[in-house]
Amino acid sequence: MSSELQESCGTCIHINDDPHAKFESCKAYPNGIPFIIMSGGVEHTKPVEGDNGITYELNPKFKKDLEDYKKNNDL
């Protein structure tokens, strides 16, 4: 399965959704999400140095979207 939908920062329950923020941050990286994480260069479903022990978790509001994606793409 493509990690784009499931494991992107935007679908994580820990993302900070402040529209006035100057940079993307989350509970794992309150001072800014590193580019390697944000770009998907490193899967964040397992601990990564500096993440304060917090890893990717699908936000429940995206669960149906993910199920539909899997169904429509035979995954």
Which pairs with one or both residues in residues 14-24 pass side chain to side chain donor-acceptor pair (under 3.5 Å), sequence neighbours excluded?
H14-E57, N16-S25
Nearest 0.5 Å, what's the CE-SG distance between M38 and C26?
7.5 Å
According to the ring-ring contact (aromatic ring centres under 6.0 Å, His included) rule, which pairs have a member within residues 22-51, sequence neighbours left out?
Y29-H44
Would you say I15 and I13 are hydrophobically clustered, going by side-chain heavy atoms of ILVMFWY under 4.5 Å?
no
Going through the distances and angles, do T45 and T55 end up as a side chain to side chain contact (heavy atoms under 4.5 Å, CB included)?
CA-CA 5 Å; T45 57; T55 59; 5.8 Å; no
N59 side chain to T11 backbone, donor-acceptor under 3.5 Å:
no
Can you list, by chain and residue number, the hydrophobic cluster partners of I54 when the side-chain cut-off is 4.5 Å?
none
Do V42 and P34 have side chains that approach each other closer than 4.5 Å (heavy atoms only, starting at C-beta)?
no
